[in-house]
Every structure is written in structure tokens, then in C-alpha cells.
Amino acid sequence: MIRTEEMLLNVGPQHPSTHGVFRLVIKIDGEMIIDAKPVIGYLHRGTEKIAENLQYTQIIPYTDRLDYLAAMTNNYVLCHAVETMMELEIPERAEYLRIITMELGRIASHLVWWGTYLLDLGATSPFLYAFREREMIINLLNEISGGRLTFNYMRVGGVKWDAPDGWIEKVKAFIPYMREQLAGYGDLVTGNEIFLNRVKGIGQYTKEEAMDYSLSGANLRCTGLAWDLRKNEPYSIYDRFSFEICTADTGDAWGRYQVRIQEIEQSLRILEQAVEQFPETGEVMGKVPKVIKPPKGETFVRIESPRGEIGCYIASEGKKEPYRLKFRRPSFYNLQILPKLLVGQNMANLIAILGAIDIVLGEVDG
Amino acid sequence: MIEGLLTSEATWLHFFIYFALTLLLLLIVLGFVTYAILAERKVMGFMQLRHGPNQVGGRWGLLQTVADVLKLLIKEDAIPRAADKPLFILAPVIAFTPAFMVLAIIPFTDRFQFADIGVGLLYYIAVSGITTVGIVTAGWASNNKYALMGAMRAAAQMISYEIPLVMSVIGVILLTGSMNLNDIVLAQESGWYILWQPIAFIVFFIAAVAELNRVPFDLAEAESELVAGYFVEYTGFRWAFFMLAEYVYMFAMSALITVVFLGGWLPLPYLGFIPGAVWFALKFMVVIFLLIWFRVTFPRIRADQLMEFGWKVLLPVAIANIFLTALLKEWINLF
Amino acid sequence: MSEKDKEQLKKEAAEKARAAAQRKREEREKKKEKSNDSASEMPQTTEDVTSNQDLEKQKAAAAAKAKAAALAKKKAKEAEGTETEPTANQDLEKQKAIAIAKAKAAAAAKRKAKNANENGDSEKAKAIAAAKAKAAAAAKAKGKITQAKETEVSEPITPSPQQPILDRYLNIVKEHYKDDILEDSYINRMSKHVPTIVVKLEHYYSLALLFKQHSGLHFEFLSELHGTDFETYMEIYVHLYSFKNKQSVALKVKMDRENPRVDSIASIWPGANWPECEAYDLLGIQFTNHPDLHRIMLGEDWVGHPLRKDYEPYDVEV
Amino acid sequence: MFGLAKGLKYTLKNMTRKKLTYDYPNEPLPLPDRFRGIQKFYPEKCIVCNQCANICPTDCITLTGKKHPDSSKRGKIIDTYDINFEICILCDLCTEVCPTEAIIMTNQFELAEYSRDELFKDLVWLDENDTQLRRENKA
């Protein structure tokens with residue numbers, strides 16, 4: 001007579017595949033997961049509390065540290081919220097610079113995801129190939145903002161620096177190069193049968209479930225819902241560019257993979273047009289009062305970050321500091337569906353599912 | 001030469017000569033392990049646009065592995081308190097010994113072989129299976145959940161892949177009519193078995209990679225899932241023993257593939273002036289390179305898919321190959 | 001000495017010892033209590049809270065005075081014909097129906113003015129001024145002019161494009177509820193003109209359910225949920241979105257600050273699960289019927305709720 | 001099987017490509033001019049306006065001024081100036097607000113020390129830190 005026993009396994013907070021300090025307590029029967037409970041908060045730094053005592057400009061460096069893989073979008077969402085409250089006019093050139101840096105950041109973020117996801121699945125090389133291209137993007141962003149990861153580039157009313165000489169040309173040259181590398185990625189991974197077997201049908205959910213669980217970004221689009229705030233609720237100057245919303249209809253890890261890879265391509269398209277339309281001259285900083293004091297009231301804006309819908313809520317009392325600042329952090333919302341997806345899967349799928357959600361712990365824990 | 005020694009009179013002199021030769025092999029193998037690890041890291045580095053080790057021992061990092069081993073030897077020997085201590089200590093030995101034992105029957109050249117057994121191939125497969133026991137022991141004795149899962153995976157994987165491994169070489173045995181490795185090599189003078197038995201080669205190679213626990217079949221370790229699988233609790237020289245076993249086993253398996261499918265020490269036509277040892281080394285290195293190349297490229301297969309592949313694909317194909325070979329043999333004999 | 005005596009002596013001795021020990025213990029405990037008393041002066045005692053309340057009342061009173069002053073100023077300005085800035089802060093206790101009616105009146109006037117004069121900017125400006133004056137006059141005629149209404153009336157821009165959508169929401173809500181369940185509803189111009197509805201605490205859950213299930217509303221996506229401590233009350237802000245109708249709404253509910261308690265909507269939108277945990281963790285808002293309410297960020301042993309405005313960091317080591 | 005072969009081809013092709021890693025500590029990391037490294041401080045330019053200390057999001061700058069020794073001149077001169085690099089996040093805001101460019105960024109980013117106390121940099125250290133100074137300091 002064989003006696004089986006359930007086992008409680010503590011995955012994390014230090015585990016090679018949790019991408020940070022994320023802990024998952026799972027109950028397993030053999031390798032089959034019966035129950036899963038995510039435990040978060042190990043990286044909680046209380047950004048929202050700190051921000052209540054800071055001026056708006058001072059908060060921007062803190063936003064860099066939320067989703068540290070795509071800091072530009074975080075910079076933007078805060079500035080955008082304040083600008084919406086104050087109804088500020090942003091100069092053309094600044095808008096273009098914002099779009100270019102944000103899209104570069106989006107590509108970089110997706111590249112990191114691509115590399116680490118394959119690393120989770122046991123392939124070591126894609127990680128290094130992805131970082132080769134990411135390094136070029138980081139160098140570009142470093143040149144314009146002075147930071148490699150925490151850019152602190154955007155300001156309320158514009159951006160900090162104008163593009164240095166020849167920078168736009170460098171971005172222009174990067175686009176075809178990235179396209180070529182993307183084809184290589186396809187050769188290496190996308191057609192790989194082992195990889196396909198690992199991701200197809202894994203972590204599947206329906207469109208309704210995705211909406212119920214407040215998923216956003218690629219996690220939502222992989223169910224076939226064409227929803228991208230850049231297109232559906234255009235902010236900044238996204239309505240000037242033609243690009244497509246990438247979707248897949250499978251709703252599984254493979255769908256999410258496809259969506260992200262296609263998004264790199266669409267971001268390249270946006271970049272191409274933005275670089276083409278880039279105004280020759282102009283200011284990069286709008287007319288902004290010396291001390292930023294949004295009027296009394298509250299605002300909530302949301303934009304599309306690489307990980308989904310990032311939102312910023314500000315309640316202002318008309319002071320230099322926000323009364324209450326709250327970020328809608330997409331990874332935090334996206335991670336909620338994890339326990340539901342894990343039940344009935346085995347250990348290897350756990351990694352594949354967790355990786356496909358694409359979380360950044362800095363963002364989950366705020 | 002060595003064969004002569006074995007059957008010769010048992011004198012102290014003969015004993016010492018034999019002992020010295022064994023020591024030589026051990027050194028060769030250890031040297032191989034040292035540089036196989038380096039080669040693997042270098043090739044992986046090159047394929048991943050890195051330089052690989054280049055700090056210790058000049059530009060090529062020739063002393064890197066030596067430095068690593070030294071570091072491992074002076075590391076603290078930590079045994080978890082809750083571990084099953086005797087088994088914990090025994091496990092690396094069980095895993096490591098068979099890897100060396102199988103080397104005895106590999107004919108490196110027509111002269112350099114330690115034991116020419118009639119059932120060499122069978123001996124190899126039988127003895128190499130013991131390694132699994134060592135791995136399962138390690139996983140059990142560590143008293144760690146990840147280690148246990150790794151060990152269970154390893155056991156399941158080894159059992160499933162041993163069968164296609166054996167089945168695939170039956171084709172070769174059928175054609176040779178012998179299980180002696182020397183006979184198998186000599187039978188390939190008319191053409192290597194990779195040409196006559198391509199299906200068997202593919203099945204054997206895949207099963208061999210699985211037996212070696214290498215990517216894409218490295219589920220027992222599965223760094224990203226089980227942290228390090230069965231040796232998660234091992235450190236220092238005990239861990240080094242597992243590593244050593246893994247690479248010696250890789251050495252043995254590559255040698256076996258060279259012997260069984262690539263014609264061992266036999267030269268290519270018209271190139272007979274190059275000594276057999278060089279030929280053996282060349283073919284051997286191709287196999288090693290292939291293993292490393294796979295490791296760089298592929299992601300890991302999932303456990304259930306691995307089982308499915310072993311039982312539903314490899315095994316039927318191997319059996320079909322036996323059937324085909326038998327037909328072929330009958331057909332050739334007809335004429 | 002007999003053995004009995006011995007035993008008795010022993011007993012007595014033991015009892016003495018016990019008594020002594022008891023005395024000592026009591027003394028020690030007393031000391032401890034004393035030291036505890038001196039050590040445990042945490043700020044969250046009831047007294048402090050009440051004093052806080054008092055403070056807040058005073059603050060509120062001061063704010064009211066300031067508001068009155070501002071109102072007076074504004075009136076003066078209006079008389080001069082200058083445009084006052086639209087302050088988005090509506091006075092929430094006012095009846096919304098009148099406000100809407102007035103806004104509509106203003107809008108109608110504005111539209112008329114626009115239609116009539118499309119030739120020149122100066123004319124337009126004049127027309128706008130006229131319209132404003134008219135609207136103001138109309139408002140005054142109604143008598144009880146409140147600050148909120150005035151700001152709305154004096155708004156120089158056209159009514160928000162989202163106004164019809166808000167009206168539609170309100171109509172649907174009216175259809176389903178006999179009595180007035182809303183505290184307020186307005187367009188939040190600062191937040192990209194999002195229709196905002198403030199619901200009474202007891203109807204929060206049922207309205208949320210209606211918002212999700214009604215085919216005309218169909219808000220299937222919960223975009224954001226968080227709480228805020230406004231010092232006089234706690235507030236939950238929920239941003240909902242309907243992919244079907246491509247519309248969004250901000251749903252708010254206010255609750256008592258001392259004992260914040262509200263129904264959980266995690267059963268309607270599973271996506272509200274963690275955000276509610278976060279609000280509970282950082283603000284101490286209790287969500288009834290929540291599937292698994294726990295301190296998600298800080299851990300169960302954390303003292304206090306950091307995002308409350310009266311939070312005092314508690315550190316064992318300091 | 002075809003997909004696997006494609007992958008193998010890709011990795012093999014990369015074997016002969018130019019290597020991207022380089023000998024880091026021996027070869028310095030090429031950094032753009034705008035890079036935000038450890039600050040350089042010019043005591044003579046400082047007018048003790050306190051703006052840098054006020055804008056610092058982490059409050060890592062502490063400074064004190066004293067009266068100008070030359071009593072004929074007005075204003076203050078800097079007395080002490082400390083940056084605590086344990087908490088400095090190199091956000092560049094101090095150099096952004098500085099009206100006289102008394103504090104600027106350098107390309108120097110290697111900050112590892114053996115003790116926490118050594119991360120507390122004072123006026124003298126910051127004054128002497130003049131390698132790889134940033135040229136462009138105002139947007």
C-alpha cells in the first residue's frame with residue numbers, strides 16, 4: 001500500500017525564479033500543486049507614505065524605483081497626473097522625447113522579460129542575447145537622462161534634458177538593428193518545439209476571468225481583448241502614430257509571449273514614426289510655475305506601462321505636497337490571479353506561469 | 001598489452017605496472033574533467049557573446065577549474081542537522097564510483113583498454129545505472145523538499161530512459177553479433193554504425209543526454225525550479241564529487257557513443273596514417289561539443305512531457321528499429 | 001520534639017517563606033506596573049483620539065469660516081465680471097438635483113449664446129458674459145444659493161462632454177432605487193472628466209453589483225480601488241471601466257473614520273481582493289465579507305496603519 | 001525538430017560574433033557626459049542658499065554656513081557640507097536647483113567601502129573629488 005502525503009513547500013522569498021523577494025507557500029502532492037498562497041510585502045518601502053511629505057518633483061525619483069524595469073513610464077504617469085490637474089501645456093518636443101524614451105523603455109522591459117522567462121524555462125542563452133540589445137537601449141537612455149535604470153528624466157511640464165547631439169540618429173539606427181535581432185529571437189526560441197510544449201495551454205484563463213481579476217497589459221490582451229490605453233484612451237501624443245494593438249486569443253503563456261514579442265515590434269514602429277516627426281527645434285519644458293501646486297481636488301489617470309495599466313491618483317489640498325498619492329501598480333493587480341492558475345499544475349508549470357505574468361516586485365510591493 | 005598483463009603471472013611487478021596504468025587513466029580522466037568544464041564554460045561563453053573564464057591561467061583561463069577545485073576543497077563541510085548523516089556521506093560515493101568503473105571496458109585504442117569483457121556493453125549499462133541510486137540517496141538523505149523532488153525526478157527519468165537506451169543498441173548488437181566493444185568497433189570497418197543505424201543513433205543520443213542529466217533533460221537539478229535539485233544541501237568537496245561524477249560520466253558516455261556509433265579509433269578512409277588515439281579523441285570531442293551545444297541552445301523539458309517522450313516516442317521507435325534491423329540483416333543474408 | 005511538631009514547624013516555615021515570596025512578587029509586579037505605566041504612553045489612547053477629534057472640529061470650523069470668506073470674495077469678484085476659477089471641491093451635503101438643474105440652465109444659456117454669435121471673439125465673450133449673468137441671476141432667484149452651486153454656475157467653460165453619461169448613470173440608478181441612495185454625483189474635471197458618484201455607505205455593495213450587472217452600465221473591469229484618510233472621514237475610491245460601453249466611472253463611498261467599515265466588493269470583482277487587503281493594511285478599513293482579509297504588505301504584527309494621518313511610527317527598538 | 005535545428009544554427013552563428021563583455025575593472029566603463037555619479041562640490045561657489053538640502057528627496061545633504069570673514073561683503077560662505085551616501089540616490093535634483101553650479105555630478109560611480117562611516121562624505125572629500133567632472137550641468 002502506498003501512502004502519499006501532502007507537503008508544504010515554501011517557494012521563496014529567495015528562489016531563483018521568483019524574480020525578487022516574492023514568497024509562495026504551496027501545498028503539493030508529489031509535484032502537483034493543491035493550494036497556493038502568495039505572500040508579498042518583502043519589498044514594501046511605503047512610497048505612498050513617503051510621498052505625502054515630498055514635493056512633486058521630489059517624488060519622481062521614487063517612481064523610478066517602483067517598476068525599475070520601465071522607469072520612464074512611471075516617471076510619466078506621475079507627471080501626467082499633475083499636468084492633468086494643473087491643465088498644463090506640454091511643448092511638442094518634450095512630448096516626442098517622452099514618447100521615444102517611454103517606448104525604448106518598453107522594449108527594454110520586454111527584453112528583460114523575454115530573457116528571464118527563458119531562463120526560468122531552463123535556457124540560458126536568450127537571457128544574454130536579450131541583454132545585449134537591452135544594454136544598447138540603456139546606453140541610449142543613459143545618454144539622454146544620465147541614469148541607466150533610475151532615469152529621473154521627466155518633470156512636471158516637460159523633460160529635464162533636451163536630446164544630446166546625434167541622439168535621435170542613434171535611435172534611428174537602433175530600429176533596424178533591433179528588427180534584425182528580433183528575427184534571430186524567433187529562430188532561437190519562438191519555433192522551438194521544447195519551448196512551445198512548455199508554454200502552450202499553460203496558465204490559461206478566459207477573457208471574462210481576466211477582466212474579473214483586473215488583469216491588464218499583455219495579460220489581458222492575450223485573451224483576445226484588444227485593449228491598449230495608448231490606442232483606446234490616447235494620452236500624450238499617441239494618437240499621432242499608427243500602430244496596432246497586439247492580441248492573441250489563446251489566453252495562455254504562449255499568448256502572452258506572442259503579445260509581448262509583437263509589442264516590441266509595434267514599439268519599434270512608434271519609435272520609427274516619432275523619430276521621423278521629431279521637431280527640429282523647440283522647448284523641452286513648458287511654462288510651469290516655480291513651485292508646483294496643483295489646485296485642490298483629486299485626479300486619477302491611467303496609462304499603459306509595459307506591464308499593464310499603471311495609474312496615479314492624487315488628492316491635492318492645493319499644497320506643494322500631495323495629500324494622498326496612490327499608484328495603481330499593474331503587477332500588483334496582475335499577480336492576484338496566480339493562486340487560481342496554479343491549482344492542479346506541477347512544479348515546472350509554476351515557474352512557467354509565474355514568469356509569464358511578468359511581475360516586478362518593486363511594483364507589487366510599492 | 002593490458003590484456004596481457006591481466007592474464008599474466010601475478011607478480012608484484014605486473015601489479016605495479018597495472019596500477020601505474022590505472023593511475024594514468026585516472027589522471028587522464030581528471031585532466032579531462034578539468035578541461036571539459038573549462039571547455040564547456042568557454043564554448044558557452046563564446047556562444048553567449050562572452051569571453052568565459054579568462055582571469056586565472058592566462059587568457060584562456062587554463063587554471064580556472066583548478067582554482068575552483070581548490071576553493072571547493074577548503075570550503076566548510078556542512079551537513080544539515082536533520083540530514084540522514086551516514087547516507088548523506090555515502091551518497092556522493094555511490095554516485096561517483098560507477099562512473100569510474102565503466103571506464104574499464106572502453107577501448108580507447110586497439111591497445112589501450114583495461115578489461116576486454118565479452119559483454120562489455122551490458123556491463124556498461126548495468127553499472128552506470130547505479131549512479132541513480134546515489135542521486136536518490138542524496139536527495140533522500142538531505143532532508144530537503146527540493147532535494148527529494150529532484151531525486152524523485154532523477155529516478156523516474158533514469159528508469160524511463162534506460163530502456164530506450166538499451167533497446168536502441170540492440171540494433172547494433174544484432175548487426176555485430178557480439179556485445180564485446182572491440183568486436184563492435186571492428187565490425188564498423190565497412191562503415192560506421194551511425195550510417196547503418198541512424199535511428200538507433202538518434203534514440204541512443206537522446207537517451208544518453210537524459211541519462212547524463214544534461215540540458216534539455218536536466219530536471220533533477222532544474223536550477224530555476226528546484227533551486228539545485230538533489231544536491232541542494234551539498235557543499236565543498238562532497239558537492240565536487242557530484243560534479244566530478246557528472247563529468248566523468250559524460251566522459252564515459254561520449255566515449256561509448258564514439259565506440260558504438262562512430263567507429264572508435266578507426267580512421268576515415270585514406271587517413272590511416274593518423275594514429276587511432278587521435279581519431280578517437282577527435283570523434284570524442286565532437287560528441288562533447290554536441291552536448292555543450294545542446295546545453296547552450298535548449299530550454300528544459302517538463303517532467304511529464306519527458307516521460308511521455310520516453311515511453312511514447314523513444315521506446316516504440318527503438319523497438320521498430322530492432323525490427324527493421326532484423327529485417328535488414330535477413331535481407332542481406334539472403335544474398 | 002515529636003515528628004508532628006517537626007512537621008508543623010516545617011509547614012509554618014514553608015508558609016512564611018511563601019508569604020515572603022508572595023510579598024516580594026507583589027512588590028515586583030507593582031514596580032513593573034509603574035514602569036509599564038511610564039513606558040506605555042502610546043499616542044493612541046482614547047483621550048488623545050478625542051482631543052484629536054476636538055482639534056478636527058476646530059479645524060473644520062476654521063475651514064468653514066475660511067470658506068465663507070472665500071465665498072464673499074468670490075461674490076465681489078463676480079460683480080466685477082471677472083471669472084472665478086472653478087474649484088472642483090463641491091460641497092457634498094448639497095442636493096445634487098438642484099445643482100444639475102442649474103448646470104443645465106447654464107449650459108442652455110451658453111449654448112444659445114454660442115449659437116447666436118459665431119462671428120467674432122469679442123462678441124462671443126460678451127455673449128458668454130451675458131449668459132453667465134443670466135445664469136447667475138437665475139440662480140439668485142432661486143434663493144438659497146450655496147457655494148457649490150455658485151462655483152458651478154460661474155464656470156466659464158461649457159458643461160463637460162461627460163455630463164450626458166453621468167445623467168444616464170443617474171437615471172439608471174433612479175430606476176432601481178426608490179429612495180435617494182447617492183450622496184453626491186458630479187463630473188471630476190480634474191480627472192479627465194470622469195463621472196463621479198458618491199454613494200451612501202449602506203448602499204455601496206448593492207450599487208456596485210448593479211454597476212457590474214446592469215446591461216446599460218456593465219462595468220466589468222475594476223481598474224483601481226484604494227482608500228484615503230481625509231481626516232474627517234475615510235473614503236474608498238473605486239475606478240470602474242466598461243469595455244462594452246467604453247465608459248468609466250469613479251465610485252466613492254465615505255465612512256466613519258473612527259470605525260471604518262464597509263462591504264467588500266471582492267465577490268463582485270475578484271480583482272478587488274488584494275487592493276482591499278492593502279486598504280485594510282495601510283488604513284485600517286475593515287471590509288466585511290472579504291474572503292481573506294489580511295495585512296498584505298506589512299505583516300500581521302505591524303502596529304498601526306501608516307497611511308492614516310494620525311499614524312505614529314512605532315518601533316520596538318527606539 | 002525543425003525549430004530545434006534553427007535554434008542550434010543561431011547559437012552556432014553567434015559563436016564567432018564579436019564579444020560584448022569587456023575587462024571591466026581594467027578597462028573603464030564608457031559613460032556619457034550626463035551620467036549621474038558622486039557629486040563634486042565647489043565651496044567657493046556656494047552661496048549657502050540651502051536649496052540643495054531642501055530639494056533632496058532623501059534628506060542626505062546637511063550644510064551649515066557662516067558669516068563672510070571679509071566683513072565688507074554680505075552673505076554667507078559655506079562652513080560644512082556633508083552628503084550621506086548611505087541614503088543618497090544620486091537623483092541629480094541638488095545639481096538641478098543649485099543656482100551657482102557649486103555642486104555638480106561626476107562620472108565617478110564606484111562607492112564600495114568597507115564601513116558605513118566611510119560613506120559619509122564631507123566638504124573636503126567632495127571638494128577633492130574632481131575626476132571626470134560633468135561638463136553639461138544645466139538642461
Side-chain angles (χ1 to χ4, degrees), chain A residues 37-46 48-49 52 81 84-87 207-216 220 225-227 232-233 235 294-302 309 311-318 323-329 332-337 340 364-366, chain C residues 85-90 188-194 196 212 219-231 235 237-244 246 248 250 252 266 268-275 277-279 281-283 292 294-299 302 306-309 311 313:
Chain A
K37 188 177 183 304
V39 182
I40 61 169
Y42 292 92
L43 201 57
H44 180 67
R45 294 149 297 181
E48 286 154 14
K49 180 73 186 171
E52 285 177 10
T84 313
M85 282 184 113
M86 299 173 74
E87 290 170 4
K207 195 191 286 184
E208 284 68 35
E209 281 167 338
M211 289 191 256
D212 272 351
Y213 277 89
S214 297
L215 303 191
S216 52
L220 182 62
L225 186 71
W227 184 256
N232 299 78
E233 284 181 2
Y235 51 90
K296 193 170 161 63
E298 58 181 5
T299 190
F300 175 70
V301 297
R302 40 185 204 158
E309 199 180 296
C312 181
Y313 169 88
I314 296 177
S316 168
E317 297 270 89
Y323 183 79
R324 168 90 162 100
L325 179 77
K326 167 85 175 111
F327 287 104
R328 184 218 194 261
R329 311 181 305 274
F332 179 69
Y333 283 78
N334 290 349
L335 195 58
Q336 285 186 83
I337 201 172
K340 183 181 144 41
V364 173
D365 292 340
Chain C
E85 266 190 10
T87 60
N89 175 49
Q90 270 86 356
N188 188 351
R189 284 171 190 272
M190 257 187 214
S191 183
K192 298 191 175 179
H193 294 258
V194 64
T196 308
K212 170 136 189 213
F219 293 109
E220 68 270 69
F221 187 77
L222 179 132
S223 176
E224 159 80 352
L225 186 151
H226 70 256
T228 310
D229 176 11
F230 278 106
E231 285 176 276
E235 184 186 272
Y237 179 98
V238 185
H239 191 97
L240 300 170
Y241 193 81
S242 162
F243 289 118
K244 194 175 146 216
K246 306 256 183 282
S248 50
K252 287 167 121 190
I268 306 173
W269 292 280
N273 186 334
W274 284 15
C277 286
E278 198 187 2
D281 191 358
L282 302 179
L283 286 151
D292 175 26
H294 64 285
R295 302 200 69 162
I296 193 163
M297 293 294 179
L298 303 175
W302 192 274
L307 282 183
R308 289 177 76 116
K309 291 286 174 184
Y311 174 74

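To find a chain, count down the sequence lines: A is the first, B the second, and so on, and within it residues start at 1.
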Under 4.5 Å from any heavy atom of chain C - which part of A:R45: neither

Stepwise salt bridge (charged side-chain N to carboxylate O under 4.0 Å, His left out) check, A:E309 with A:R328: CA-CA 8 Å; A:E309 199 180 296; A:R328 184 218 194 261; 3.8 Å; yes

Segment of C:D292 engaging chain A (4.5 angstrom heavy-atom cut-off): side chain

Proximal component of C:A266, with respect to chain A [non-hydrogen, under 4.5 Å]: neither

Most chain A-contacting option - heavy-atom pairs closer than 4.5 Å, from C:F221, C:W274, C:F243, C:Y241: C:W274

Largest heavy-atom contact set with chain C, pairs under 4.5 Å, which of A:K326, A:E209, A:H44: A:K326

Flag, side chain of C:W269 to backbone of C:K212, donor-acceptor distance under 3.5 Å: no

Region of A:E233 that comes under 4.5 Å of a non-hydrogen atom in chain C: side chain

Ring geometry between C:Y237 and C:H226 (parallel below 30°, tilted from 30 to 60°, perpendicular above 60°): parallel

OG1-CG distance between C:T228 and C:L282, expressed to the nearest 0.5 angstrom: 11.5 Å

Proximity breakdown for A:L335 and chain C, heavy-atom pairs closer than 4.5 Å: both

Residue pair C:N188 / A:F300, side-chain heavy-atom distance below 4.5 Å: no

Flag side-chain contact, heavy atom, 4.5 Å: A:N334 against A:S216: yes

Chain C contact via A:Y333 - which portion, at a heavy-atom distance below 4.5 Å: side chain

Spatial distance of atom CD (A:Q336) from atom SG (C:C277) [nearest 0.5 Å]: 8.5 Å

Region of C:I296 that comes under 4.5 Å of a non-hydrogen atom in chain A: both

A:E48 side chain near A:R324 side chain, heavy-atom distance below 4.5 Å: yes

Choice from A:E317, A:R302, A:M85, A:E208 maximising heavy atom contacts with chain C below 4.5 Å: A:R302

Contact class of A:I314 relative to chain C, heavy atoms under 4.5 angstrom: neither

Region of A:E52 that comes under 4.5 Å of a non-hydrogen atom in chain C: side chain

Parallel, tilted or perpendicular: rings of C:F230 and A:Y323 (30°, 60°): parallel

Best-contacting candidate, A:V39, A:N232, A:L225, against chain C by heavy atom pairs under 4.5 angstrom: A:L225

Portion of A:K37 that has a non-hydrogen atom of chain C nearer than 4.5 angstrom: side chain

